[in-house]
Amino acid sequence: MVGEGILKGMAETARNFFGSFVSKDRLTTVQYPEQRAPQIEAARDFPFLVYDGADWHQGMRCVACQICEKECPPKCIFIEKSKDKKPDANGKPQFYPAVFNIDISVCMSCQICVEVCPFDAIKMDVDYDLSTDDRFGGLLLNKQPLSKSNEYYREIHPTEAAEVDARLAEERARKEAKAKSVAEGKLATAAQAQPASGEPR
Amino acid sequence: MTHLAQLAQQLDQIFVLAKHWLLGYVPAGAQPLCSAVLSVVPIIIVFPLLFAITTLLERKGLGRIQNRYGPNRVGPFGILQPIADGVKSLTKEDIVPITADHAVHFLAPLLLVSASFMDYAVLPIGRNMVIVNLNAGVLFFFAVGSLMELAVFMAGWSSRSKYTLLGAMRAIAQMISYEVPLVLASIVVIMQAGSLSTVSIVNMQATYTGIWPHWFVLTPWGFAGFVLFMVAATAESNRSPFDLPEGESEIIAGYYTEYSGFKFALFFMGEYIGMFATSGMAITLFLGGWSAPFSFLTWIPSYFWFFAKLLALIAVFIWVRGTLPRLRMDQLMNLAWEFMLPMTLLNLLTAGIWHFMPAGSSRWLVCSTMVVVPCILLSRGLKHKKKFQVRTYHYSE
């Protein structure tokens, strides 16, 4: 008969209506600014720049190679390379970004910048409280607000960060070993060459 | 005891007495005008306020039906939400499409709101509380109610957009289709009351046998008429499950897609005010208007009962909206023409038989059968006609 299903449905919604006042389990709402749902580890929204050590400018991993700028599909990254070099975390002199801007109103959170970065300098952040009353300046982040420490990265993406740290440490160790062997080889050749001629190369 | 009864009566007539007291200070020449203003202004204040409260109650109720909280941020428990909404819609930019017909585009929301307010002219809100006691009140109500269709079409046509035009066409088709069962469902009351005046229809229902009132809804034809009237009223006010004209998923917001800011709010308000008016008419025709549900409750003021019934009907509207999904266009039309129309016509016959049969249980039996059996047979028949098949699309093959 017409209306049977309607009455069943109305009974169900009435049960929901009164039930939501009685049992708190029915209400799945998380009251956002006061409560937050736990984030999953793979959560991501906008990119940030990783730095090592204590000083954000000193320890910046980015060497302004501009690959991310070229790869970014919506072109939200703007980089200006420095004229001079500064020592990076390992003490090796490198170029650094004089300007590094990300327009997060344009960014589509695709993570391509992270995937193409050869220096593990750019990673995805999880901070989503980014609303601002200045829709131009407030959404164009320059390099200082973009810079976040490696410790922070470990905190938000522990598994991924451990993997990156291990890889970087391995690379560094390999480089050091190579440098050492090169230096030793140099020493050896120098030692061999010295008796033959004192002429500097 | 008589003293208490007198007090109750004075409380019941407090607004009428206040109006007469105020009119006493006005020179005789200006009295008709002042009387009109004093009757109209409270309506224009009270019903938009009720609209504001209803939007909040609706959002809260729908939230609870879906196991959510609903708005709870503005003020304690979100009770100031309507004020925030009002400020927002007032301060929003008013965008008019460049190719729109500006004059008609501007007039459509005004016409909708004024047409829906005009409905209240004949609604008795309490004992002796009606703006005009027209002796063709019910006719006036439906005539003015159909002005809303004009406003809807003005909005859809003048915006010069596909969505608004499609929405307006849907709305017109729906409103005209459902106006037929709406009017036919109310004719049974006119037959029984022998009057088109809303005031005398209510007066007729405000009598009691024992403790029971003589509401028309408490008869088989009255109950069927009430249900049919409410279904048609839901469709008439474009509310879920008959909200095809503004079906968000297909045609954005239907005929008021191109309205923004305060004009949009006016459309919204006009629709709700119209819904209250049709609910008020249902109350007047079937639920005894301002009369109390039991004879021992008559000491409570009449306007209280009217608004209590109105709020109850609004709650049902919200409940239905929270439950039922939107109909398809063909289902909507089938319901109007293949189910509602035959049922209302049969109901006319039932009401006639009720009138001419002697009072007693035999007339209850006959009339109830005349309502229930066709309802079952019709719904069965409609179900049988339905063919379930794989849908094919001619143009995609």
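Residue numbers begin at 1 in each chain, while the letters A, B, ... track the order of the sequences. As a basis for the values below, the full set of heavy atoms in this structure was taken, side chains included, without hydrogen atoms, waters or symmetry mates. A quick note: this is a predicted structure, and the numbers were derived from the prediction, not measured.
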Indicate whether any N or O donor in one side chain lies under 3.5 Å from an N or O acceptor in the other, for A/Asn16 and B/Arg64.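 There is no such pair (donor and acceptor under 3.5 Å, judged by atom type) between the side chains of A/Asn16 and B/Arg64.
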Do the rings of B/Phe268 and B/Phe264 sit parallel, tilted or perpendicular, given the 30° and 60° boundaries?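 Because their plane-to-plane angle is under 30°, the rings of B/Phe268 and B/Phe264 count as parallel.
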Side chain from CB out, backbone as N, CA, C, O: work out which of these in A/Phe21 comes under 4.5 Å of a heavy atom of chain B, or both, or neither. both
Name the region of A/Glu12, side chain, backbone, both or neither, that has any atom closer than 4.5 Å to a heavy atom of chain B. neither
When you measure from the side chain of B/Lys60 to the backbone of B/Pro71, do you find a donor-acceptor pair of N or O atoms at a distance under 3.5 Å? yes
Hey, which of B/Asn67, B/Val320, B/Thr323 has the most heavy atom pairs under 4.5 Å with chain A? B/Asn67
Could you tell me which portion of B/Ile65 (side chain, backbone, both or neither) has an atom closer than 4.5 angstrom to a non-hydrogen atom of chain A?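 For B/Ile65, backbone and side chain are both near chain A.
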B/Arg326 to B/Phe242 six-membered ring, cation-pi geometry met (6.0 Å, 45°):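 Geometry flag: not set, cation outside 6.0 Å or 45°.
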